[in-house]
Amino acid sequence: MNAKRWMIACLAVGLATAAVAEQGQAIVSVAGDVKLERRAGDESWLYATPEQAQWLKDARFGLFVHWGPISQRGNDLSWSRKGGRRWGKIKVPDHGFIPMEEYDALYKTFNPTEFNPRAWVKMMQDVGQKYIVFTAKHHDGFCMFDSAYTDYDIMSTPYGRDILKELTDACHEAGIRVGIYYSPTDWYHPDFRTENHDRYLEYYFDQMEELVTKYAPVDVIWWDAFGFHGEAELIKSKEMTKMLRGLQPGILLNNRAAIRGDFDTPEQLVGRFQKERPWETCMTINDQWGYRPNNPPKSKKVLVETLVRCAGGNGNFLLNLGPMANGLFDPMHENRLREVGDWSKKYGVSVFDTQGGPYMPGVYGATTYRGDTIYIHMMDWGEEAEVTFPPLPFKILSHRVLTGGEAEVKQSAEGVFVSMKDNLDPLDTIIELKIDGDAATMEPIKVPYNSGSLALNKPASASSIIFNNPKHHGPQFALDDDVDTLWRTDTMAVKDVTFGVDLEEPTLINRIAIRDAHKRTRRFALQYEEDGEWVTFYEKNGTIGHHFDELFEPFTAQKIRLFIYEAIAGPQLAEFHVFYNPDKERDPLTHRYIFNRNADDVAGASSAIVSTDQTYTEAPVYSDDVPVNCVEGAPEKSIRLGQSYGTKKSGLFLPGGAETALSSSGSLSVWVKADALNGGSYLLFAPTPGMLMNFPDRKQMVFAMGKGENKKKVAAPLAVGKWHLVTATWNVLKGTAAFYIDGQRKGSVEGLESSIRMAENIRLGNYDDPCADRAANMVNQFDGTLYDLQFYNRTLSSDEVQQLYKKPGSVARQVQHGSQGAIPSRR
């Protein structure tokens, strides 16, 4: 687009743009989940029609791809670039560590010779993804397409081919919808946010015209205008919208260019229930948008649950994978995505081509519907494995459990009672209801949470509220028993942030439960007011987390506050609960993961196994966290001993090599084939401290529990060259454990004291600062959750151990001495 034409467009709508900005519409959230109101008098071309947006509402599952020359280093796009950031009003510390000159020269060696766009498209079709959003330009300014307006693009690399063109052509051939990510923020362009900013705008308009014409049809433009809060005029968002609608009618625009756009984009968390407007949750499969080596993916459970909760909220799941520098996806990530695809092939009928509702998502899970069929996705049954839903206006004619087993469903004027005692699916128990009407005619029904919090709807206060907008983001939303509403602070509220609640009278308290939406805190304290002074009764260096739940000695207070000393960005709280529970019961807000009591997560072939008692824990130590074996003919989730993961003589099944996940109770299954041993012991897995399974030679397996003179060992023979299903079950509190080969019990131990069965070298401490040095402050991320216990030169007493394991959800990691380098690093 030439400069003259661009200036004419600016003049044509400039006055209207300024007027809207003054009314306060030009607001956008970093996470993309701020609800901008549609104003009377808005031009019709500002928004897509409902018919044009319908395909996005129906899509449910998409692929996000963040890629660029930085993949050669395994660091994140743009944010690892040091210096040169221009933000204007928004002041963001520069945490980049790769010198700008070095970062900007990475394109000279970028040569992804293994890139195969049709293989990408085939993968998407296999897993049920309907659209892709690809990064054409990130904040670093590098263009992953052939642009006539810069040499800082893919054509100047050794690869020298237009990646975006090849990918969009493959998508068009296969019927995959195309979205293009483009960041109006550009730290490379010399004119961006300078006195010559108009020259940058001309470049910006020229490239956007180039993208929607050269790569047409383009279905989505996915802006990421980080830092342009209230600054739509600066990047001429309305003028840009008008140009794009003229070039390609029907194109959809997201809400990240400081105007409302056509759909919302909550980031790294599931969006709220919304019927009237499309939305999509964008989330990484691991913990970084760009490729990072040896970075394990989120579990199958987490990803399936996210997909289901998005569908139940009437939104989409845009899952990000960062390709490697060679153009392939990390096998760990692709395999995990395919596992989600396998699930969707079986149960996609309950997700795809459905609408969210009629029951709104809640702690229990979510529901979807199609005509006269309602699908209840039960992901948290509670302690009694039963839930009562509000009444339905239609009669339930029949029900069945898609995932297997039998459920009890009773309908009355008081509600719909659902219970199930056996065959609870560890991922998602799906119950299909047939009703005598159309679920689309029903209004959405909220499922009460009823936490019992003493702080429910009490007066709240906060030192910071994003956009100074208490109506939509005030502290009251952390006291409303609704996990989908948030108290949101200003983006840069990173020091001395307070949230307070007034219980209105002196109240006896012994427990606080908090749900933090983003885990941004780095140091915080809980305090109560006494004689006009704030008294600290709990303090922690680290994140609050999604499921903070702590017991205290009872005390009486009227005013309580959360004091956040430090955060990496503005904190956001979903719920802040206050209790007095004389029996010290834990909050149902804590999301419980149910271990498969038959320990058949992998193969479904171990139904004869009698596991330890089923308990609840926050540690999803499922066998779906096992890397997939690439040996031809091997069962899924298997390993051929001798081909180790992470260490030379270790067949550890949990990601990251020399690590062990610990839960108070559970089971783990995997297929093994002991035919490649060359001497020495090969560790299979150690589900709890002091519990080991190894192979001293290729003909036997040894199970051990405990340590020193109290260690107990049992050996069992193996058939050389044959695949065996090996399972361990454990209950740390009861001091019991057992192991099975091919579904047959081979050994067990009972009555181990806590001091015997706990490993040595344990410490509590600084564990969750993602910017910390690896050797000094190790961080482990497992299934998207940072946990707060590590093995590191400290021995817990027997009393400490008992207290630890009396808290469901205790999780730990084991790190071999001198093996810190095996742990994936985090920025």
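Using a 4.5 Å cut-off on side-chain heavy atoms (C-beta onward), Ile376 and Val387 make no contact. Within the 4.5 Å cutoff, the side chain of Trp279 has heavy atoms near those of the Val270 side chain. The side-chain heavy atoms of Glu550 and Ile512, taken from C-beta on, include no pair separated by under 4.5 Å. The side-chain heavy atoms of Val535 and Gln527, taken from C-beta on, include no pair separated by under 4.5 Å. For the pair Leu392 and Met442, the minimum side-chain heavy-atom distance is below 4.5 Å.
Between Asn457 and Gln476, the side chains place no donor N or O within less than 3.5 Å of an acceptor N or O (distance only, hydrogens not considered). Of the N and O atoms on the side chains of Asp490 and Ser464, not one donor lies less than 3.5 Å from an acceptor on the other residue. Under the 3.5 Å distance criterion, with hydrogens and angles disregarded, a donor-acceptor pair is assigned to the side chains of Asp481 and His577.
The aromatic rings of Tyr538 and Phe524 sit tilted, their planes meeting at an angle between 30° and 60°. Classification of the Trp289-His66 ring pair by plane angle, with boundaries at 30° and 60°, yields tilted.
Taking the six-membered ring for Trp, Phe552 and Tyr528 have ring centres at least 6.0 Å apart. The distance between the ring centers of Tyr375 and Tyr347 does not fall below 6.0 angstrom. For an aromatic pair to be called close, the ring centres must be under 6.0 Å apart, and Phe576 with Trp487 fails this.
Residues Pro571 and Ile564 come closest through the heavy atom pair CG-CD1, 3.6 Å. Shown here for Pro278 and Asp262, the closest heavy-atom pair between the two residues is CD-O, 3.6 Å. Shortest non-hydrogen contact noted between Ala311 and Val351 is CB-CG1, 3.8 Å. Nearest heavy atom pair, residue Phe477 against residue Thr485, reads O-OG1, 3.3 Å. Between Val363 and Asp380, the closest heavy-atom pair is O-CB, 3.3 Å. Closest approach of Ala493 and Ala567 over heavy atoms only: O-CB, 4.4 Å.
None of Arg60, Gln274, Glu276, Arg277 except one satisfies the side-chain hydrogen bond (donor to acceptor under 3.5 Å, both in side chains) rule with Asn314; the exception is Arg60. The residue from Arg561, Gln558, Lys458 that alone fulfils the side-chain hydrogen bond (donor to acceptor under 3.5 Å, both in side chains) condition with Asp502 is Gln558.
Atom CZ of residue Arg522 and atom CD of residue Glu566 lie 8.5 Å apart, to the nearest 0.5 angstrom. In this structure, OG1 in Thr403 is found 9.5 Å from CH2 in Trp343, a value given to the nearest 0.5 Å.
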Between Thr367 and His377, is the side-chain contact (heavy atoms from CB on, under 4.5 Å) condition met? List the steps. CA-CA 6 Å; Thr367 65; His377 295 265; 5.7 Å; no
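Each salt bridge (Lys or Arg N to Asp or Glu O under 4.0 Å) pair with one or both residues in residues 528-539, not counting sequence neighbours, appears once here: Arg523-Glu539.
Under the ring pair (Phe, Tyr, Trp, His ring centres under 6.0 Å) criterion, Phe273 pairs with no residue at all, not counting sequence neighbours.
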